[in-house]
Colleague: 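Encoded as structure tokens, here's the structure I'll be asking about.
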Amino acid sequence: MKWLSFSVIALLSLPVCASQVEVLHWWTSGGEARAVEVLKSEWAEQGNQWNDFAVQGGGGKSAMTVLKSRALAANPPEAAHLKGFELHEWGSLGFLRDLTPMAEHLGWYPQLPPMVRDTLSQNGALMAVPTGIHRVNWLWLNRKVFERQGLKPPTDWAQFVAVADKLKEKGITPLAIGNEPWQIAVLFETVALGEGGKTFYRKAFLEQDSATLTGPDMVRVLTRFQQLRAYVPEKYAGLKWHQATNLLESGGAAMQVMGDWVKGELSAGNYRPGEDIECLPSPGSQGLFSYNLDSIAMFKQRDPAQLQAQGELARLLMTPRFQEAFNRVKGSIPALIKPDMSKFDRCAIRSYQDFLHAEQQDNLLPSMAEGMAVPTNMRQGIMDVLSSFFNDARANPEQTAQQLERAMRSTRSGAEQK
Ligand code: GAL
């Protein structure tokens, strides 16, 4: 505790000089890189230096592998994009700086929506600062393609299948997606929300209830999910999420189911979100909001200059000005209460309104695919089962439900034994 309060005093009392931080992240697509530029330039404006530690790969798997090797070599960066369970796991291992003294001193708590505060807290301590709230359960569709074909946007999965069949008949790829397990998991999660509903989703993923995981609703969800395999692009293997978005933009595909980082990609390519590319809640998930909270954590340091640099960065990230500028480019919404949304696009405004509504209605759901709902090894187990299932047309939904339950149970007991 003494050490922690020292770090705050150090932060506040050191003379102002250029701070240097190395920041690990996987924001490397066109839209994401533009968002990082916003951060870098605000940081540079304060006379500071930024050492970019960018690791390619949506979903962050490679970034996490690289981070582990740096941490094992006792040389972690000052800061890293760590979120959800991954954040808590690094926290439990004792690698992360407790930001509670700063939060208390600078009055951050009242600025955080309850979901944000809960997600970032571990045993009452604040382990990271938020950069933005992404909504995962979105359906993006190319308006021109829909208009040309005289099609209406689907509002449930049965309609989705009907629309997708029509598009396919016309030689248009219905669904832009690649075969990366995390992209497949995003699709599955939205089907689970749309076909199963929030109680099912909570029971399956948050309570990990065996009867729900192997029951008829799960079999129905898996059956629907498997149907969607027929609508993926010809070049589905190796297609990255942002390449899938490019396909959607060009009309090469009609729809994409993905979180709103898609929006960053759209604006980077001069497409207007909510106009050229429509944003709708994923089929059957109206009123629900599955979230992916992005956050930056600070690795423990002893050097007062590094501590100061971390503090400066955390402070910058918490300013409404930064949150507005960054999230307008990133596609997410600010993770602070009562943000000024006047300069945001239509989809962000919708996201914010839906977020508030979902908050009131108890409809906010942590995204499994994005590491918000289950521990990392369990998420990996789920993704393995889902991706082999999705890629095997003959796989059996009943057996897969059993496999899913087993995979979750074995990782759960593994975690309990530790
Ligand atoms: C998520 C991350 C988002 C987004 C996406 C694609 O895991 O939280 O910020 O960029 O990956 O890279």
Side-chain angles (χ1 to χ4, degrees), residues 23-39 52-67 79-90 115-116 119-120 128-138 140 176-190 238-246 248 256-268 273 289-297 317 322-323 326-335 347-348 351 365-374 376 379-380 382-383:
V23 186
L24 172 124
H25 61 87
W26 61 91
W27 292 325
T28 52
S29 76
E32 290 173 325
R34 284 190 347 149
V36 175
E37 278 310 316
V38 171
L39 174 52
D52 204 35
F53 186 0
V55 181
Q56 298 267 348
K61 197 169 178 222
S62 318
M64 289 302 109
T65 310
V66 177
L67 182 62
H81 172 32
L82 282 180
K83 53 177 185 141
F85 272 82
E86 199 104 39
L87 169 70
H88 288 250
E89 288 154 14
W90 282 97
M115 175 282 278
V116 173
T119 308
L120 302 181
V129 280
T131 57
I133 302 169
H134 276 297
R135 182 183 194 175
V136 181
N137 61 319
W138 280 118
W140 307 93
I177 185 172
N179 70 343
E180 293 173 313
W182 76 272
Q183 290 189 54
I184 294 175
V186 166
L187 181 64
F188 170 78
E189 167 176 316
T190 59
L239 195 72
K240 308 281 180 237
W241 71 268
H242 55 96
Q243 295 170 327
T245 304
N246 298 154
L248 171 77
Q256 183 175 16
V257 173
M258 185 49 69
D260 43 22
W261 40 95
V262 157
K263 221 148 47 74
E265 216 51 32
L266 298 179
S267 342
F289 190 110
S290 66
Y291 61 83
N292 170 29
L293 176 67
D294 279 344
S295 50
I296 303 262
L317 297 174
F322 163 77
Q323 293 258 337
F326 180 79
N327 286 298
R328 277 177 64 198
V329 181
K330 183 71 172 65
S332 29
I333 55 172
C347 302
S351 178
L365 298 161
S367 164
M368 179 278 291
E370 288 300 328
M372 300 281 131
V374 300
T376 308
R379 171 178 174 261
Q380 192 54 54
I382 298 174
M383 291 199 307

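Quick note: numbers below take in every heavy atom, side chains included, and nothing from hydrogens, waters or symmetry partners. Here the structure is a predicted model, which means the values were calculated and not measured. As the structure lists them, so they are numbered: ligands from 1, and atoms in each ligand from 1.
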Colleague: Should you measure from each heavy atom of G59, which atoms of ligand 1 turn up under 4.0 Å away?
Modeller: 7 (O), 11 (O), 12 (O)

Colleague: Relative to each other, are the rings of W261 and W182 parallel, tilted or perpendicular (30° and 60° limits)?
Modeller: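 Ring orientation, 0 to 90° scale: tilted.
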
Colleague: Out of the candidates Q256, K240, K263, E265, only one should pair with T245 under the side-chain hydrogen bond (donor to acceptor under 3.5 Å, both in side chains) rule; please name it.
Modeller: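 Exactly one candidate clears the test, Q256.
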
Colleague: Main chain of S290, side chain of N137: is a donor-acceptor contact present, judged purely on distance under 3.5 Å?
Modeller: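 Confirmed, N137 side chain pairs with S290 backbone.
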
Colleague: Atom CG of L365 and atom CZ of R135: how far apart are they, to the nearest 0.5 Å?
Modeller: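 Between atom CG of L365 and atom CZ of R135 there are 10.5 Å.
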
Colleague: Any N or O of E32 that comes nearer than 3.5 Å to an N or O of ligand 1?
Modeller: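 In this structure, E32 places an N or O atom under 3.5 Å from an N or O of ligand 1.
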
Colleague: Applying the side-chain contact (heavy atoms from CB on, under 4.5 Å) test to K330, which of D294, V38, L39 qualifies?
Modeller: D294

Colleague: Under 4.0 Å, counting heavy atoms only: does G60 come that close to any atom of ligand 1?
Modeller: no

Colleague: Give a yes/no on ligand 1: does H242 have at least one heavy atom closer than 4.0 angstrom to it?
Modeller: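 No.
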
Colleague: Which atoms from ligand 1 have a heavy atom of W241 less than 4.0 Å away?
Modeller: 6 (C), 12 (O)

Colleague: Using only atom types and a distance under 3.5 Å, with no angle test, would you say the side chain of N179 pairs donor to acceptor with the backbone of L239?
Modeller: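 No.
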
Colleague: Number the atoms of ligand 1 from 1 as they appear, then name those within less than 4.0 Å of a heavy atom of G58, with their elements.
Modeller: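 Listed by number with element, the hits are 12 (O).
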
Colleague: Please identify which atoms of ligand 1 are closer than 4.0 Å to at least one heavy atom of W26.
Modeller: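 Near W26, the atoms of ligand 1 are 1 (C), 2 (C), 7 (O), 11 (O), 12 (O).
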
Colleague: Please report whether ligand 1 has a polar contact with W261, defined as an N or O pair separated by less than 3.5 Å (distance criterion only).
Modeller: no

Colleague: Which residue and non-hydrogen atom of the protein lie closest to atom 9 (O) of ligand 1, and at what distance in Å?
Modeller: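 Closest protein heavy atom to atom 9 (O) of ligand 1: D294 OD2, 2.5 Å.
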
Colleague: Just go through E370, E265, K330 and tell me whose heavy atom is the nearest to atom 3 (C) of ligand 1.
Modeller: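 Minimum heavy-atom distance to atom 3 (C) of ligand 1 goes to K330.
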
Colleague: Taking T376's backbone N and O only, do any of them form a donor-acceptor pair with Q380's side chain (distance below 3.5 Å, no angle check)?
Modeller: no

